Chemist: 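Before I ask anything, let me first share the structure, which is written out below as structure tokens.
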There are 2 protein chains.
Amino acid sequence: MAKNVCDLKSCFLCRFCLNDWLPAIAAARQNFELKRGQQLFNEGDPAKGIYFIYLGIVKVHKRWGREKDLILRFAKAGVVVGQLGLGDDASYPVSATAIAPVVACFVDMEFFESTLSVNAGFSRQVIKVLANDLQESEKRMRNLAHMPVKGRVAQALITLKNQFGITADGYINIDISRQDLASFTGAAYESLFRMINELIEEKLITVSGKSILIADENALLRLTEDAGL
Amino acid sequence: MAKNVCDLKSCFLCRFCLNDWLPAIAAARQNFELKRGQQLFNEGDPAKGIYFIYLGIVKVHKRWGREKDLILRFAKAGVVVGQLGLGDDASYPVSATAIAPVVACFVDMEFFESTLSVNAGFSRQVIKVLANDLQESEKRMRNLAHMPVKGRVAQALITLKNQFGITADGYINIDISRQDLASFTGAAYESLFRMINELIEEKLITVSGKSILIADENALLRLTEDAGL
DNA sequence: CGTATCTTTGAGTCATGTCAAAAACGGTGG
DNA sequence: CCACCGTTTTTGACATGACTCAAAGATACG
């Protein structure tokens, strides 16, 4: 296996670019650093390339009106962002914003495309990422349509736990604002708030500051099944 | 350009498979015929391959509980279905059901994968399809979360018009049950019904039997913008 | 002509979003 | 160390959109 370009063990890009491509990648890539709240790109921006998250966490979200938005997914180290620019539309249909300090490596779209055209293994991986994202997206879409807020909160917490793991004392290992949690659930801030309270009452979760601990994962899971999925 | 294997002018598969692959494809493919209501595959089935719609219309949907489901998208002639099987999970996460008599050509997953691995143009097309589907899915996801039912109905009608066109007398060229229309908007049957009535009252659409005619597309579009997207 | 399926209507309920205000928190600078 | 200000959290009251249930018309169909 080729040496990593970007010193990240699980870098998506590096894993699938063979040796001959390494110099080209090294030349093509370009690093970005972002503080919490800064945007990698914004909805509507021309899609100039793809970003590989090197460090930190990015939320991928889509606006509605002036105030509301929906968080579609989170991307952490080793994950690719901006792949939607690969569609027919030449502009990003979503925004990507850092929710923890981020280092991302940018790869120009042209270079990315040319890599796709000669590296089948890499293409296959991109296809897999897209297919997985699409699966996830369609599942959440169904949930948004039919699952009540409480179940969606439960689902969101489980998703976060699976994606970010837990700390030594059991709390979900992500520092996320309630506002973002609400956006991720697809619910109003206050609704999320009340649901969190209910979950605490029912002893399914514990909260300390911003951190959340899942106390009874099975019960949470049951909330996501409801009508006997 | 290669001669079509399946005699369909816009067959996705044929457009991107070069001459050397034609015999192999011809050997690998397998035709299916379905009557209205029959399933191509069902949620949870092992993903054995990909289907190219040759004729007719298929709804791709995902169940919730025993009664409800959400229609994710429609696939018509020339479109590929089952691509979600390309993810990590080896089973279809959705169902595909004919809503008009269908002829589909099935391609074994193994063969499909091997085509991907040697035909970059084909891979690129698959990536494009997935990226477009993902974009559409995420847009609808946001709409489900924030847009009221009326706007979603408007959106659904416009989408159908764009996808299926209109007949000589202006009606959207698809024969779809109210039930399916409700599932496509992500609303209860009765809710959809009332919204359709409102839209008729407001002279934005006209209905004749099952057929729907968009009378004022701009007004419909305005319903989908609401908070000044 | 009777049975089944789909459409249409009404009434009632409930979940969820909205609004507004109080309380708690966190940092900043005097 | 405290007073101040902006932000986030918490609570309550309220409005209403959307779903549910049930029943009455239609329409199709054998």
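A quick note: this is a predicted structure, and the numbers were derived from the prediction, not measured. Per chain, numbering begins at 1; letters A, B, ... match sequence-line order. FYI, side chains are in, hydrogens and waters are out, and symmetry mates aren't considered; it's all heavy atoms of this structure.
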Chemist: Give every residue pair that meets the side-chain hydrogen bond (donor to acceptor under 3.5 Å, both in side chains) criterion with at least one member in residues 180-192 of chain A, sequence neighbours excluded.
Modeler: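 Listed once each, the pairs are A:Lys59-A:Asp180, A:Asp69-A:Ser183.
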
Chemist: Which residues satisfy the salt bridge (charged side-chain N to carboxylate O under 4.0 Å, His left out) test with B:Arg36, sequence neighbours excluded?
Modeler: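 Partners of B:Arg36 under the salt bridge (charged side-chain N to carboxylate O under 4.0 Å, His left out) test: B:Asp175.
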
Chemist: Mind calculating the distance between CG (B:Leu144) and P (D:dC19) to the nearest angstrom?
Modeler: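 Those two atoms, CG and P, are 10 Å apart.
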
Chemist: Looking at residues at least two apart in the chain, or sitting in another chain, which of them share a side chain to side chain donor-acceptor pair (under 3.5 Å) with A:Glu217?
Modeler: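 Result, side chain to side chain donor-acceptor pair (under 3.5 Å) vs A:Glu217: A:Lys161.
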
Chemist: For DNA chain D, what are the stems built from at least three Watson-Crick or G-U pairs in a row, each pair having both distances below 3.5 Å?
Modeler: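 DNA chain D stems, ordered by first number: C:1-30 with D:1-30.
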
Chemist: Over how many whole Å does the gap from B:Glu198 atom CD to C:dT8 atom C1' extend?
Modeler: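 Those two atoms, CD and C1', are 15 Å apart.
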
Chemist: What string of B, S and - do you get for nucleotides 12-25 of chain C, 5' to 3', if B is base contact, S is sugar-phosphate-only contact and - is no contact with any protein heavy atom under 4.0 Å?
Modeler: ----SBBBB-----

Chemist: Could you list the donor-acceptor pairs under 3.5 angstrom formed by side chains in residues 200-208 of chain A, with sequence neighbours left out?
Modeler:
unit_1	atom_1	unit_2	atom_2	d
A:Glu202	OE1	A:Lys150	NZ	3.4
A:Glu202	OE2	A:Lys150	NZ	2.6

Chemist: Holding to side chain to side chain donor-acceptor pair (under 3.5 Å), I want the full list of residues that pass it with A:Gln39, two or more places apart in sequence or in another chain.
Modeler: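 Partners of A:Gln39 under the side chain to side chain donor-acceptor pair (under 3.5 Å) test: A:Thr97.
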
Chemist: With sequence neighbours left out, what residues match B:Asp133 under side chain to side chain donor-acceptor pair (under 3.5 Å)?
Modeler: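 By the side chain to side chain donor-acceptor pair (under 3.5 Å) rule, B:Asp133 matches B:Gln83.
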
Chemist: Given atom CD of B:Glu67 and atom P of D:dC19, what is their separation to the nearest angstrom?
Modeler: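 Distance, rounded to whole Å: 15 Å.
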
Chemist: Round to the nearest Å and state the distance from B:Leu181 atom CG to C:dT7 atom P.
Modeler: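 Answer to the nearest Å: 11 Å.
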
Chemist: One character per nucleotide, please: for nucleotides 25-30 of chain D, 5' to 3', B when the base has a protein heavy atom closer than 4.0 Å, S when only the sugar-phosphate does, - otherwise.
Modeler: ------

Chemist: Under the ring pair (Phe, Tyr, Trp, His ring centres under 6.0 Å) rule, collect the residues that match up with A:Tyr51, sequence neighbours excluded.
Modeler: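 For A:Tyr51 the ring pair (Phe, Tyr, Trp, His ring centres under 6.0 Å) partners, ignoring immediate neighbours, are A:Phe32, A:Phe41, A:Phe106.
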
Chemist: Quick one: list whatever passes side chain to side chain contact (heavy atoms under 4.5 Å, CB included) with A:Ala100, sequence neighbours left out.
Modeler: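 Partners of A:Ala100 under the side chain to side chain contact (heavy atoms under 4.5 Å, CB included) test: A:Ile57.
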
Chemist: To the nearest angstrom, how far is A:Arg36 atom CZ from D:dT8 atom C1'?
Modeler: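 Whole-Å distance recorded here is 13 Å.
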
Chemist: How close or far is atom P of D:dA22 from atom CZ of B:Phe193, stated in whole angstroms?
Modeler: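 Taking CZ of B:Phe193 and P of D:dA22, I get 20 Å after rounding.
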
Chemist: Quick one: list whatever passes side chain to side chain donor-acceptor pair (under 3.5 Å) with B:Asp169, sequence neighbours left out.
Modeler: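 By the side chain to side chain donor-acceptor pair (under 3.5 Å) rule, B:Asp169 matches B:Thr167.
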
Chemist: Considering just the side-chain nitrogens and oxygens of B:Asn197, establish if one lies under 4.0 Å of OP1 or OP2 belonging to C:dT7.
Modeler: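 So the side-chain polar atoms of B:Asn197 never come under 4.0 Å of the phosphate oxygens OP1 or OP2 of C:dT7.
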
Chemist: Using a 3.5 Å distance criterion without hydrogens, assess whether the side chain of B:Glu43 forms a donor-acceptor pair with backbone atoms of B:Arg63.
Modeler: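 Yes, the answer is positive, given that a donor and an acceptor are paired below the 3.5 Å cut-off.
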
Chemist: Applying the side chain to side chain contact (heavy atoms under 4.5 Å, CB included) test to B:Phe164, which of B:Ile174, B:Thr159, B:Ile176 qualifies?
Modeler: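 Passing option: B:Ile174.
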
Chemist: Could you state the NZ-C1' distance from B:Lys210 to C:dT7, rounded to the nearest angstrom?
Modeler: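 The answer, rounded to whole Å, is 11 Å.
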
Chemist: Roughly, in whole Å, what's the span from CG in B:Asp180 to P in C:dT5?
Modeler: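 Nearest whole value for this atom pair: 17 Å.
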
